[in-house]
Amino acid sequence: IHSRERPLLISSLVLREYNCGQVDVASYQNQHIKLYEVKSRPEGLSKQQYLRLRDSLELLTHSFGASGQILIVKNLPKD
């Protein structure tokens, strides 16, 4: 992902301070933030995890004045 998109480093301490979810992988380009949640379990994301991740996205899009989306990735592509 980071070889194709601009990486966005997000402090887990800051996210925790705002009761937001930790982000696995994030990118930022063209005023758009993508948060990638990597899941290896078939169950995927719990409702609680999704809500915390959504809170992270809201915090980041507000801070950057950008749009954004959450993407669930089953397996990261090999670069």
State, yes or no, whether a side-chain contact exists between V25 and L35 at a heavy-atom distance under 4.5 Å.
no

Solution key, residues 63-73 side-chain donor-acceptor pairs under 3.5 Å, sequence neighbours excluded:
| residue | atom | partner | partner atom | Å |
| --- | --- | --- | --- | --- |
| S63 | OG | L59 | O | 2.8 |
| S67 | OG | Q31 | O | 3.4 |
| S67 | OG | H32 | ND1 | 2.6 |
| Q69 | OE1 | H32 | NE2 | 2.8 |

Could you give the side-chain donor-acceptor pairs of residues 12-23 under 3.5 Å, partners two or more places apart or in another chain?
| residue | atom | partner | partner atom | Å |
| --- | --- | --- | --- | --- |
| S12 | OG | R16 | NH2 | 3.4 |

Can you run down the side-chain hydrogen bond (donor to acceptor under 3.5 Å, both in side chains) pairs that involve residues 50-62, sequence neighbours left out, and say none if there aren't any?
none

Only pairs at least two apart or in different chains count here, so list each salt bridge (Lys or Arg N to Asp or Glu O under 4.0 Å) that has a residue in residues 21-34.
E5-K34

